[in-house]
J.: 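My questions all concern the structure below.
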Amino acid sequence: MTAVLDALHQGRQAIMPAMRAALERLDPTSRSIAYYHLGWTDLDGKPTAGGGKAVRPALALLSAQAAGACPETGLPGAVAVELVHNFSLLHDDLMDGDTERRHRPTVWAVRGAASAILTGDAMLSLAQEVLLDGEGPGAVAAARLLAEATNELIRGQVLDVAFEQRNDVTLDECLDMAAGKTGALLSASTAIGAVLACAPQETVEALAGFGADLGLAFQLVDDVLGIWGEPEVTGKPVHSDLRARKKSLPVTYAVTHGGALGRELAEWLARPGTPGEDSVRRAAELVEGAGGRTWALDEAYRRMAAGQRKLEDAAIADRAREELLSLARFIVTREA
Ligand SMILES: CC(C)=CCC/C(C)=C/CC/C(C)=C/COP(=O)(O)OP(=O)(O)O
């Protein structure tokens, strides 16, 4: 675990100058809000430590190495996927009304909706600019890959929002939604370095398939942490998804496979209004009693194993394969 945390830290340090250079292109207002959101400064612009785990850039750098190139080849991809990820967080927090992320108030909560929307938009378009600054066929192919992944991410989010109005969401529909909103960008992250390195199609496909499985594992664990995680560790308030009566993966499993407890949970989900804390705690018990927590964690391991198998026979560098597999294990055992 320490080796993975070191690798994530190194990845974060490695992309920092290129991230900073990219953000220089933003107008000063969006730039200062981006710095706050990324955990680089407080609201007054004073430097702070913090921020996200930087899983996606680490995957992008390893993707280039997997294709036999140096990590720097993957650098524009690493910056671009982190920018798209942060665009999606800025907008997601606003849509969900979440007031805390990464141990600090969210942008919309402290600067208003327009700031969160515009800074997110600016980061999204910057991601494409960073890739198109590169030369050669790899850069154009990487920009296309990321644009397609972003479309898929938006499709997943559209489904997530639509599910809030439905009481008949199936587990397959919920898995499809997660594959879109989280799997697509993880898949782009594990493929983009190889694309920039102009690797053969089979290599890119194996890496993309690994990332798609990893993305589902990531979302399954994220949903479990959203209900049973420690807020001091996750940096987010506990139960916010349940309070919003969201159809997350463990919840949907419990409703569709959980017998009498699942039916009680389904009735709870269909009730109007915001539930109180006791009611939310009872719902968490129902999800657990109906098997949602165990299934989600088991399924995360199954998806990780499926992804690992896709890398086993791929023609990629051994050291990068080992590091990608370690990161996959980290993703399913993480507590934040
Ligand atoms: C279009 C739109 C608004 C889409 C929303 C998509 C969305 C937010 C999906 C959830 C992805 C996810 C698990 C984020 C946490 O990542 P993380 O744990 O890696 O976060 P970190 O960077 O803070 O570590």
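In each ligand, atom 1 is the first atom listed, and ligand 1 is the first ligand listed. For clarity, every value in this text was computed on a predicted model and none was experimentally measured. Positions are given from 1 along the sequence.
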J.: If you take all heavy atoms of T119 and S30, which pair is closest and at what distance?
T.: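 That would be CG2-O, 3.6 Å.
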
J.: Check whether the side chains of T48 and R104 place a donor and an acceptor atom closer than 3.5 Å, and report yes or no.
T.: yes

J.: Within 45° of the axis and under 6.0 Å from the centre of the six-membered ring of W268, does NZ or CZ of R245 qualify?
T.: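 Flagged: R245 positioned over aromatic ring of W268.
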
J.: In ligand 1, which numbered atoms sit nearer than 4.0 Å to a non-hydrogen atom of L153?
T.: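 By the 4.0 Å cutoff, the relevant atoms are 1 (C), 2 (C), 4 (C).
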
J.: Contact between H85 and ligand 1, counting heavy atoms under 4.0 Å?
T.: yes

J.: Closer than 4.0 Å to some heavy atom of G52 - which atoms of ligand 1 meet that?
T.: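 Those of ligand 1 that fall under 4.0 Å from G52 are 21 (P), 22 (O), 23 (O), 24 (O).
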
J.: Can you confirm whether the side chains of Q201 and E205 place a donor and an acceptor under 3.5 Å from each other?
T.: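 Indeed, the side chains of Q201 and E205 share at least one donor-acceptor pair under 3.5 Å.
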
J.: Suppose I only count heavy atoms of R102 and a 4.0 Å limit; which atoms of ligand 1 are within that range?
T.: 21 (P), 22 (O), 23 (O)

J.: Search all heavy atoms of S189 against all heavy atoms of S63 and return the closest pair with its distance.
T.: O-CB, 3.9 Å

J.: So is D222 close enough to ligand 1, meaning a heavy atom under 4.0 angstrom away?
T.: yes

J.: Answer yes or no on whether R56 is positioned over the face of F218, meaning its NZ or CZ is under 6.0 Å from the six-membered ring centre and within 45° of the axis.
T.: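 Because its charged atom sits under 6.0 Å from the ring centre and within 45° of the axis, R56 does stack over F218.
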
J.: Heavy-atom contacts under 4.0 Å between T182 and ligand 1: side chain, backbone, both, or neither?
T.: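 It is the side chain that touches ligand 1; the backbone stays farther off.
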
J.: Which heavy atom in K247 sits nearest to a heavy atom in T252, and how many Å separate them?
T.: O-OG1, 3.5 Å

J.: Kindly identify the option in H37, Q219, M177 whose heavy atom sits closest to atom 13 (C) of ligand 1.
T.: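 Nearest heavy atom to atom 13 (C) of ligand 1 lies in Q219.
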
J.: Measuring from atom 14 (C) of ligand 1, which candidate in L89, D96, V84, D223 has the nearest non-hydrogen atom?
T.: L89

J.: Using heavy atoms and a threshold below 4.0 Å, how should the contact between K53 and ligand 1 be classified: side chain, backbone, both, or neither?
T.: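 The part of K53 near ligand 1 is both the backbone and the side chain.
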
J.: Is there a nitrogen or oxygen of S88 sitting under 3.5 Å from a nitrogen or oxygen of ligand 1?
T.: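 Looking only at distances, the answer is no, because the N/O contact criterion of under 3.5 Å is not met.
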
J.: Only heavy atoms count here, so choose which of K181, R56, M95 is nearest to atom 12 (C) of ligand 1.
T.: R56

J.: Any idea which atoms of ligand 1 are less than 4.0 Å away from a heavy-atom of H91?
T.: 3 (C)

J.: Could you tell me whether D92 and ligand 1 have an N or O pair separated by under 3.5 Å?
T.: no

J.: Under a 3.5 Å threshold, yes or no: a donor from one side chain and an acceptor from the other, between D223 and Q219?
T.: yes

J.: Got a sec: does the CZ of R319 have more than 12 other heavy atoms crowding it under 6.0 Å?
T.: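 Incorrect, the count does not exceed 12.
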
J.: To the nearest 0.1 Å, how far is atom 2 (C) of ligand 1 from its closest protein heavy atom, and which atom is that?
T.: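 The closest one turns out to be Q157 CG, 3.6 Å.
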
